[in-house]
Amino acid sequence: EKAGYDYFMLKEIAEQPKAVADTLLGRIDGSGTLSLDEVRIPPEVLREVDKVVIVACGTAYHAGLIAKYAIEHWTRVPCEVELASEFRYRDPILDQRTLVVAISQSGETMDTLMALRHAREQGAKVLAICNTNGSTIPRESDAVLYTHAGPEVAVASTKAFLTQLVACYLVALYLGQVRGTKYGDEIRDVVRDLSRISGAVERVLETMEPVRELARSLAHKNTVLFLGRHVGHPVALEGALKLKELAYMHAEGFAAGELKHGPIALIEEDLPVVVVVPSPRGRSVLHDKIVSNIQEIRARGARTIVIAEEGDEAVVPYADHLVRVPATPTLLQPLVATVPLQVFACELATARGNEVDQPRNLAKSVTVE
Ligand code: F6R
């Protein structure tokens, strides 16, 4: 069943290029157009939407945080992202013009289910992004966009996360397409970039041996920090979550711009800090700011583990360890930048003698609130 891999998690990490390609299949075409007929919410209703609210838990919530950047950029519709467990308890403002997107691999997460029930009671339309055919969350939603990751067995979510990102991009681009935003040309370009992205994920997987080696060398550490900006911030949160649940280490993700507002006090000699660096092309201001952050923490003794795009030379002098990922448009970078963090957590867990597929105290699907 594990197809020669020691753990399901390793197999599922390796399946990501296919999972990503399968989730795009039949939904985009070479001319840069999307066809999401399965989203049965009529275009006239989508054109009237004045707010998107995403609800999800854990790793799926991180996919939602990334989706917010894409949705707001491509559609100019305001988007909120909320932990499903908090949602209905704060009496959220929802009406017929709100589109609620519920993201869940299993389709059975009780917190997410209760959030979507609450949303529908208030008259909102609910679109589910789900990996499990016929599960409760898609059954109770107005529409569903299935991710095609195939069954995910390891408790820690990997390939489902990448396909949730793909589905979120599709929803964002589709909303942009239906609403005819001024980003029409950019939308067509991104659709083409998406069609090549599974090859980029494959290339990342081929270069992971140094990441494994590095992980093994850090097995005795107590703490690892993760920093990112823009869509790299949720990637940092996801890297930290993976490390907590698999390696049982203290791990925290921060927005790099927040460092100076407190977390920089945590930096001490030889503390490993993973930094997700945005592309130097496009939003280059962000890139330059994060390079300064890397310098700041390194001056205070941090051991910097830098995830940066191929060809980004500015980071080289400040990286104790450099992990290269293929160049992608900024908004799509999480699809490649998350993969080394998954491999890192998995290898650290193994080195610490932990049960990779079944971490302590966790269950694959959380059916209690
Ligand atoms: C972490 C992980 C969990 C799930 C969360 C939501 O690796 O797997 O954080 O992402 O419990 O689960 P679903 O997506 O099934 O609703």
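Counting starts at 1 for both ligands and their atoms, following the listed order.
The residues E355 and R360 are annotated as not salt-bridged, no charged nitrogen and carboxylate oxygen being separated by less than 4.0 angstrom. For the pair E369 and R88, the salt-bridge criterion is met [side-chain N within less than 4.0 Å of a carboxylate O]. Looking at R203 and E206, no side-chain N of the basic residue comes within less than 4.0 Å of a carboxylate O on the acidic one, giving no salt bridge. Between E296 and R300 there is no salt bridge, since no side-chain N of the basic residue sits under 4.0 Å from a carboxylate O of the acidic one.
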Step by step, work out the salt bridge (Lys or Arg N to Asp or Glu O under 4.0 Å) result for E82 and R90. CA-CA 11 Å; E82 186 140 352; R90 69 167 178 90; 2.5 Å; yes
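Protein heavy atom closest to atom 7 (O) of ligand 1, with residue, atom name and distance, is E245 OE2, 2.5 Å. The closest protein non-hydrogen atom to atom 16 (O) of ligand 1 is T109 OG1, 2.4 Å. Nearest protein heavy-atom contact of atom 15 (O) of ligand 1 is S106 OG, 2.6 Å. At the top of the distance list for atom 14 (O) of ligand 1, counting protein heavy atoms only, stands Q105 N, 2.6 Å. Looking only at protein heavy atoms, the nearest one to atom 11 (O) of ligand 1 is V366 CG2, 4.4 Å. The nearest protein atom to atom 5 (C) of ligand 1, hydrogens excluded, is given as C57 O, 3.6 Å; this is a heavy-atom distance. At the top of the distance list for atom 3 (C) of ligand 1, counting protein heavy atoms only, stands T59 N, 4.0 Å.
N131 does not count as a contact of ligand 1, since none of its heavy atoms falls under 4.0 Å from the ligand. Under the 4.0 angstrom criterion for non-hydrogen atoms, A156 is in contact with ligand 1. The shortest heavy-atom distance from K242 to ligand 1 is under 4.0 Å.
Close approach of ligand 1 to G58 is summarised as follows: ligand atoms under 4.0 Å from at least one heavy atom of the residue are 9 (O). Here is the list of ligand 1 atoms found below 4.0 Å of a heavy atom in V155: 8 (O). Each of the atoms 13 (P), 14 (O), 15 (O), 16 (O) of ligand 1 lies under 4.0 Å from some heavy atom of S104. Of all atoms in ligand 1, listed by their number and element, those nearer than 4.0 Å to a heavy atom of A60 are 10 (O), 14 (O).
Side-chain contact check for S279 versus T328: every heavy-atom pair is 4.5 Å or farther apart.
Residue contacts with ligand 1: G107 is placed with no nitrogen or oxygen under 3.5 Å of a nitrogen or oxygen of the ligand (distance criterion only).
Aromatic pair F161/H62: centroids not less than 6.0 angstrom apart.
Of all heavy-atom pairs between E108 and T367, the closest is O-CG2, 3.6 Å.
Legend: residues meeting ring pair (Phe, Tyr, Trp, His ring centres under 6.0 Å) with F8, ordered by chain and number and at least two apart, are absent. Checked against side chain to side chain donor-acceptor pair (under 3.5 Å), E15 has the following partners two or more places apart in sequence or in another chain: K11, K159.
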